[in-house]
Amino acid sequence: MARVTLDNISHSYHANPSRDADYVLKNINLSWIDGGAYALLGPSGCGKSTLLNIVSGLLIPTKGQVRFDENDVTRFPPEQRNIAQVFQFPVIYDTLTVFDNLAFPLRNLGLPENSILKRVTEIATMLELESDLSRRSASLAADKKQKISMGRGLVREDVNIIMFDEPLTVIDPELKWKLRSKLKELHQEIKVTMVYVTHDQTEALTFADQVVVMQDGEVIQVGKPEDLFERPLHTFVGHFIGSPGMNILPCDVKDNIALFFGYKLQLEGPILKSTGHCEIGIRPEFIRFGTEGIPAIVQRASDIGQHTLVQTVVNNITVNVIIKGPPPDPGAEVQLCFDPAKTRLYIDRRIATERLQ
Amino acid sequence: MKTQNQRAWIFVLPVLLLVAFNALIPLMTVINYSVQETFGNNQFFWAGLRWFEDILRSERFHAALGRQVLFTITILLIEIPLGVIIALSMPRQGIGVSLCLVLMALPLLIPWNVVGAMWNIFTLPQIGLLGWVMNSLLGISYNMTVSPVAAWITIIVMDVWHWTSLVVLLAYAGLISIPEAYYQAARIDGASNWAVFRYIQLPKMKKVLTIAILLRFMDSFNIYTEPFVLTGGGPGNSTTLLSIDLVKVALGQFDLGPAAAMSLIYFVITLAVSWLFYTLMAKDEQ
């Protein structure tokens, strides 16, 4: 059990990185408290798996330091870090039984058989694998195999951190949420720091207390799921999280007033700076149809469960609106009202308004 | 619809003809010979199962079979572990891969009788490199035309040199198909090198190794060309393996009946062992 600190981590797969573009990770600073549930969220190729491998010791970063509590473990091999990692595809020792698979890390430590038996039984009960213990693991279905890989991670006592690298990729949809809630339950039960890497926002937002959003090797925002949704600090986060994502609309700033095609917009708070490329960000959930707003034309509407997603256009710019109740007909003229508290200005993709309390 | 089904025969016919001429008809001829006796002039007399009884009781056959089994077991015991060890130590990436693969493939590309001839010259006591080094440089008496032990060592070393590459290539193919995640997981689980080999590499190589063992068993059990060119079965009968003995009976003595019976017994042994082996391995798979 330890607090994990990533201090100025940069990594390049080139032997002699010279340019910024050579780095797949750029100046990552993160701190994970003991027992937390974290998610690394980002599109494929953003560096999240590389970061994971640096924490587990499979990779040594080009620059920076990894610390478990106060100990510098940057150059420690994985076996000395007492960590666990679950991979995208279930990694199991085919020829061994489920029991022997779970016992494998303990036997490598040379523990006595009776304490292995006790610990394995305990973990198997937790994962609901008791009835399969004597079966050969090769014969099991993908979700059980993935449970075994999780179990191998959990079986060592005092594991510093357990990392999951898109563990549900090969699991059937209906088992996905089952395994996901199992994971959440396990986390509450054993209170080990867990880091979950995924490109699926639902998985990240449901699992984690804190989500780290990454893009192009950089951490864009770290926050609670509701913060990421409510107040994205970067247009990428706004766009990436939510379905559909945030509306990112072109705008001009004149005399500290944001204008969208000449219409004055009220923002959440004062504008912090005014030079650069300006955009307005507002989630479809926070726009409604009113009588005094920006005129728009309805293009199409689609049913997304309890709500309706209405696509409208303002001067050829698409604005998504999510409403309750029956949608207007395509071609209808509507007026869009933006909720001022949820309307934010982004300059050069970063947030440029201050929230008023 | 029936006429359409019949048309399929046209497509199968070439293969059937080919198999008939290179396998079925010769096999039928052999079966035919094995139950008859001939004194030349194309005259044949019914002999029943006499040749089979004779062969199975013959000490000469027992001796040849014994030598054959010894040879096959020895080369399997050397080539399979050695092939696996070489495959494990080969590089997984970089320029070394192609270099190793080409080097490994070389012995396999040499025609069998050339292999025999090469080793024959290589081991000549006066002018062969190996023979000269052993006799003149190291002072170890080594002459495979005189010493049965030397002859045995030579044919075994030759077979190992010739065929270990096949095991290496198959094992290597098995090894590189193991995803990197397995090695990473094993490192995280704190597995030793031996545990990685025992629980990851060996199980993943099992299928290709089954094929390797099967191929090496069949090929070594039927080996003829290389030892024939190298030792001709000598000195004495010390390296007369089954196939060499069979040719001696059939072409040297022109005893068609006994030779045919011997080939059938030989064939059945090879088939039975291969089948048994394969069934056991396949059963273990489940």
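Chain A is the first sequence line, chain B the second, and so forth, proteins listed ahead of strands; every chain is numbered from 1.
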Peer 1: Check this for me: Asn114(A), atom CG, are more than 12 non-hydrogen atoms of other residues, nucleotides or ligands nearer than 6.0 Å?
Peer 2: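 Correct, the count exceeds 12.
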Peer 1: Within a radius of less than 6.0 Å around CG of Asn22(B), do more than 12 heavy atoms belonging to other residues, nucleotides or ligands occur?
Peer 2: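 Count over threshold, so yes.
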Peer 1: May I ask you to name which of Ser192(B), Pro203(B), Ala181(B) has the most heavy-atom pairs under 4.5 Å with chain A?
Peer 2: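 Result: the option with the highest number of such pairs is Ala181(B).
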Peer 1: What part of Arg156(A) lies closer than 4.5 angstrom to a heavy atom of chain B: side chain, backbone, both or neither?
Peer 2: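 Only the side chain of Arg156(A) comes within 4.5 Å of chain B.
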Peer 1: Could you tell me which non-hydrogen atom of Gly57(A) sits nearest to which non-hydrogen atom of Arg187(B), and how far apart they are?
Peer 2: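 Where Gly57(A) meets Arg187(B) most closely, the heavy atoms are O-NH2, 4.2 Å.
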Peer 1: How about OH on Tyr13(A), more than 12 heavy atoms from neighbouring residues, nucleotides or ligands closer than 6.0 Å, or not?
Peer 2: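 Count over threshold, so yes.
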Peer 1: In terms of heavy-atom contacts, does CD of Glu189(A) have more than 12 from other residues, nucleotides or ligands at under 6.0 Å?
Peer 2: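 Yes, enclosed.
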Peer 1: Within this structure, what is the CG-CG distance for the pair Asp189(B) and Leu106(A), rounded to the nearest 0.5 Å?
Peer 2: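 These two atoms lie 9.5 Å from each other.
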Peer 1: Test Asp94(A) against Lys204(B) for side-chain contact (heavy atoms from CB on, under 4.5 Å), laying out the working first.
Peer 2: CA-CA 9 Å; Asp94(A) 295 324; Lys204(B) 295 278 172 195; 2.9 Å; yes
Peer 1: Which atoms form the tightest heavy-atom contact between Gly190(B) and Glu79(A), and what is the distance?
Peer 2: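 Reported closest heavy-atom pair: CA-CB, 3.8 Å.
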Peer 1: For the OH atom of Tyr183(B) and the CG atom of Leu58(A), what is their distance to the nearest 0.5 Å?
Peer 2: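 Here the interatomic distance stands at 14.0 Å.
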Peer 1: State whether the number of non-hydrogen atoms from other residues, nucleotides or ligands found under 6.0 Å of Phe228(B) atom CZ is greater than 12.
Peer 2: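 For Phe228(B), atom CZ is not crowded (no more than 12 foreign heavy atoms under 6.0 Å).
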Peer 1: Around atom CD1 of Ile95(B), are there more than 12 heavy atoms of other residues, nucleotides or ligands at under 6.0 Å?
Peer 2: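 No, not enclosed.
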Peer 1: Considering non-hydrogen atoms only, spot the tightest contact between Ala186(B) and Tyr93(A) and give its length.
Peer 2: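 Looks like CA-OH, 3.5 Å.
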Peer 1: Which heavy atom in Pro90(A) sits nearest to a heavy atom in Tyr182(B), and how many Å separate them?
Peer 2: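 Pro90(A) and Tyr182(B) have their closest heavy atoms at O-OH, 4.0 Å.
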Peer 1: Please check if atom NZ in Lys63(A) has more than 12 non-hydrogen atoms from other residues, nucleotides or ligands closer than 6.0 Å.
Peer 2: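 No, the 6.0 Å shell around NZ holds no more than 12 heavy atoms from other groups.
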Peer 1: Given Ile188(B), which of Val91(A), Val86(A), Ile83(A) fulfils the side-chain contact (heavy atoms from CB on, under 4.5 Å) condition?
Peer 2: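 Single side-chain contact (heavy atoms from CB on, under 4.5 Å) partner of Ile188(B) among Val91(A), Val86(A), Ile83(A): Ile83(A).
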Peer 1: Roughly how far, to the nearest 0.5 Å, is the CG atom of Asn53(A) from the CD atom of Gln184(B)?
Peer 2: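 One finds 5.5 Å between CD of Gln184(B) and CG of Asn53(A).
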Peer 1: Locate the shortest heavy-atom distance separating Asn108(A) from Ala195(B); write the atom from each residue and the value.
Peer 2: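 Answer, listing the atom of Asn108(A) first, then Ala195(B): OD1-CB, 4.4 Å.
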